[in-house]
Structure formats: C-alpha cells, structure tokens
Amino acid sequence: MITPSDFADRILTFYHQHGRKDLPWQQQPDAYRIWLSEIMLQQTQVATVIPYYRKFLSRFPTLKDLASASLDEVTSLWSGLGYYARARNLHKCAQTLLNHHDGEFPRTAAALEALPGIGKSTAGAIAAFAFGEAAAILDGNVKRVLARCFAVAGWPGESRVNRQLWQLAERLTPAQSTASYNQAMMDLGALICRRSKPACDQCPLEDICQARQLQRQTDFPGRKPRRERPTRTASFLVLRDTRGQILLQRRPPTGIWGALWCLPECPAQETDPGPWCAREFGVEATDLRALASLRHSFSHFDLTMEPLLAMIRPADCRIMERPDCQWVSHDEALQLGLPAPVRTILLNLETGE
DNA sequence: AACGCGGGGCC
DNA sequence: GGCCCAGCGTT
C-alpha cells in the first residue's frame, strides 16, 4: 500500500503539470471569492457556475454588498442555478458574518462549518484555499478518485462508506501544499477520473488504482439505490390583465423553489381553475386557454406542468392585495428570481402564441 | 431516461 | 445517526 506522502507527491506533481490554475475564483483567492465559488460548486459543475460567479462578483464585489442586498436580488441572480436553499443560505451566511463575526470569515474549518450552507467539505475547501489550513475535502470528484483507487465498495450516501472515504481523505491530505493537493484531487476527478470513460492512461495513480487492476473502474463508487420517481401534475396560471401584466406569487420560504417568484399553482385536484381563482385571489378568470405543457424533474419526483393562460376582467385588475403576490410586466418578471421552467413558460408566451 | 451532485432539517 | 428534501446539466 502506497504511503500517504508518496500519494500526495504524485497528486502534487499532477497539479503542477495539469492542475487548473486559471479558474475565475483562483485569480484573487480571498475567503469571500472562495466561499462564493464553493457554494455555487455544490451540486453544480464548473462550466455552469462560471457565468453565475461572474454575475455575482460583479453585482456584489464584497461580502458587505451581498449582506446588504435583499434576498429577492440574490435569488434573482441565482435564478436557473437550482437548489435555491443555497442562495438563501448564502445570503443568511453573509448577514451572519456581518452581524456576528465583524464581517470576516472565521479562519478554521471547524468554525466555518458552523455557518449556514457550509458543511464539512466546503469548510475544508475554504480553510485550505483561503487560509492554508491542512484541511481535507471530500466532494464528488474526490470521492470518485478515492473510491476507485482503494476499491471502496458501496454508495457514499451510506454513512459507513462516507466515514471510510473521509478517513482516507484525511489520512492522505498532506500538511503542506494542502490547497494545491485539494485542487489537484478535484481536477483529477473532473478531468481524468471521470464518471464514465475515465482516462486512466493519463492518471498519476494508474499503477496503484485497485479499480483499474480489477478493470471495474465504473463500479466505483457504488451507485445510489434506484427508487422509482412518481409523477405529479399541476396547473400553473398565467393570469394576465388588460395591460398585459402577469400575476406572480412568492413561494413559501422553504421547500420546492423556496422564496422564488412563481406562477400561481392550481392544485391538481381542482377540476376547474376558474372558481379556484375566484376563491383564492378574488378575481374572475376568463378565456382559459391551455399552453404547451412541460415536464420538469426534481430529484425525487417529476412534475408535469400545465400552464393555463387566462384573462382577468378589467374590473378585477387591481383588487388583488396580497403581500405574497405582485402584478408585473413580462420584462419585469424575467428580472425576478424565477424557477427555470417558469422562465421557460414566460419566454414561450412571447414566441409561442 | 438515468445519473450525479453537499448540505439542511427533522426525528 | 438515519432519513427525507431539493433542480439543474450531462450522458
């Protein structure tokens, strides 16, 4: 079995030869930029994150700017990136730092982990990249590299497997050059030790990788047990007044699309959306017309969305007075924090009529 | 159509 | 500590 120091040497050599050193958040690697990028990189690939990262940094150059922004503005910039709890936690974390930490990030992984949206791996990444702490990380890339190299069987979602991988990660992470090592492990997972078609001939661990010796690379890490995904259907109302304004409703603060602006969702059991509209919003919807339905998948169910276009009678246009609702123009709507499929429905409205 | 991806919240 | 929740992009 390879010694931790030989392992780290190989990874660091790989870093110097092939590691990514030109990512946007590596240019001025302060804690704010590292944190922002790490939160975005949870569940999301580098290529997707880059435009969002630039947008955020340009609108919120400092932690203070982010903390003093409204949640609405943060979710609006986050719109389309998914897992919106990350945006809520990002905003909350910025305010916590301003209010309780003198506007500074704590400098240890242990203290970082206490902040909203920062778990063990993200804490390790920030501590290592921003402050040089010898903290281990275990993101999806590192899990794949370690699971293959050491043939760790089982799905990392199982706590036994997760513990084993953390133990390996911590044992192998070097006390020096930790940031380069961590970056290299992520790069190795993302570029070489890919989920499918790993480029083993370019891997610095090729000769010691147990999965490769077994010719079973893609069996590691073990897959998440399959579960069937139910399908739900719901109608979403595009209520338009005579001036072409549209009614949007804010989602509850947590849960699906939490705190985002959405088209009013008419429950599936409502056979006739007209009366529901009258009860719920006190408006009379006329000229109901079905728009093209779309399928949207969540991690644990599929949603068939059936958009319904309806007119609001002129007399009803402004009777709507609810704090969770607003009438907006088409263009204003697109500026808000909308779930991706709602954005699609509104964009189709322009072209698809 | 499957798969992969970190963390929070609840019990 | 175990279980559920969550939204995209990629393959």
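Sequence lines set the chain letters: A, B, ... in the order given, protein chains first and strands last, and positions in each chain run from 1.
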Take atom CZ of A/Arg86 and atom P of C/dG9, then tell me their distance rounded to the nearest Å.
11 Å
Please classify the nucleic acid contact of A/Leu115 as base, sugar-phosphate, or nothing, using heavy-atom distances under 4.0 Å.
sugar-phosphate
From CE of A/Met40 over to C1' of C/dG9, roughly how many Å is that when rounded to an integer?
16 Å
Of all the nucleotides listed (C/dA6, B/dG8, B/dG7), which has the minimum atom distance to the side chain of A/Asn89?
B/dG8
Using the closest heavy atom to pick a nucleotide of DNA chain C for each, name whichever of A/Arg229 or A/Arg160 lands nearer the 5' end.
A/Arg160
Among the nucleotides B/dC5, C/dT10, C/dG7, which one has an atom lying closest to any side-chain atom of A/Gln45?
C/dT10
Mind checking if A/Gly80 touches a base, just sugar-phosphate, or nothing, with heavy atoms under 4.0 Å?
sugar-phosphate
Would you say A/Ser159 reaches C/dG2's phosphate, i.e. side-chain N/O to OP1/OP2 under 4.0 Å?
yes
Mind checking if A/Leu138 touches a base, just sugar-phosphate, or nothing, with heavy atoms under 4.0 Å?
nothing
On a heavy-atom basis, the closest approach of A/Pro156 and A/Val161 is CA-CG1, 3.7 Å
Taking the side chain of A/Thr48 as heavy atoms from C-beta outward, which of C/dA6, C/dG9, C/dC8 is closest to it?
C/dG9
Between atom CZ in A/Phe298 and atom P in B/dA1, what is the gap in whole Å?
17 Å
Whole-Å gap separating C1' (C/dC3) and NZ (A/Lys224)
11 Å
Does A/Thr44 or A/Pro116 map to a spot on DNA chain B nearer the 5' end, using the closest nucleotide for each?
A/Thr44
A/Gln43, nearest nucleotide to its side chain (from C/dG7, B/dG4, C/dG2):
C/dG7
Testing the basics here: between A/Glu133 and A/Thr108, what is the closest heavy-atom pair and its distance to 0.1 Å?
OE1-CA, 3.2 Å
Among C/dG7, B/dG4, B/dG7, which is the nearest nucleotide to the side chain of A/Gln42?
B/dG7
Roughly how many Å apart are C/dT10 and B/dG7, using the C1' atom of each and rounding to a whole number?
22 Å
Please give, in whole Å, the distance from B/dG4 C1' to A/Leu41 CG?
15 Å
Quick one, A/Arg86 with A/Thr44, criterion side chain to side chain contact (heavy atoms under 4.5 Å, CB included). Give me CA distance, side-chain angles, the key distance, then yes/no.
CA-CA 11 Å; A/Arg86 292 184 295 169; A/Thr44 312; 3.1 Å; yes
Looking at the rings of A/Phe298 and A/Phe301, which for Trp means the six-membered one, are their centres under 6.0 Å apart?
yes
Does OP1 or OP2 of B/dC3 have a side-chain N or O of A/Ser196 closer than 4.0 Å?
no
Nucleotide B/dA2, atom C1' - distance to CG of A/Asp302 in whole Å:
11 Å
Of the listed C/dG7, C/dC8, B/dG6, the closest approach to the A/Ile256 side chain comes from C/dG7
Among C/dA6, C/dC8, B/dC3, the nucleotide that comes nearest once only the side chain of A/Arg195 is considered:
B/dC3
For A/Ala85 and for A/Arg163, find the nucleotide of DNA chain C with the closest heavy atom, then tell me which residue's nucleotide is more 5'.
A/Arg163
For a quick check of understanding: with a heavy-atom distance under 4.0 Å over all strands, which category does A/Thr254 fall into, base, sugar-phosphate or nothing?
nothing
Does any N or O in the side chain of A/Arg148 come within less than 3.5 Å of the main-chain N or O of A/Gln217, such that one atom is a donor and the other an acceptor?
yes
Has A/Asp287 got a side-chain atom pairing as donor or acceptor with A/Met311's backbone, closer than 3.5 angstrom?
no
Find the distance A/Phe220:CZ to B/dG4:P and express it as a whole number of Å.
14 Å
Could you tell me whether the phosphate oxygens of B/dC5, OP1 or OP2, come under 4.0 Å of any side-chain nitrogen or oxygen in A/Arg144?
yes
Within less than 4.0 Å of OP1 or OP2 of C/dG7, is there a side-chain N or O belonging to A/His296?
no
In whole angstrom, what separates A/Trp257's CH2 from C/dG7's P?
9 Å
Report yes if at least one side-chain N or O of A/Tyr84 is closer than 4.0 Å to OP1 or OP2 of C/dC8; otherwise report no.
yes
The side chain of A/Tyr83 lies closest to which of these nucleotides: C/dG7, C/dC8, B/dG7?
C/dG7
In terms of the angle between their ring planes, are A/Trp35 and A/Tyr32 parallel, tilted or perpendicular, with boundaries placed at 30° and 60°?
tilted
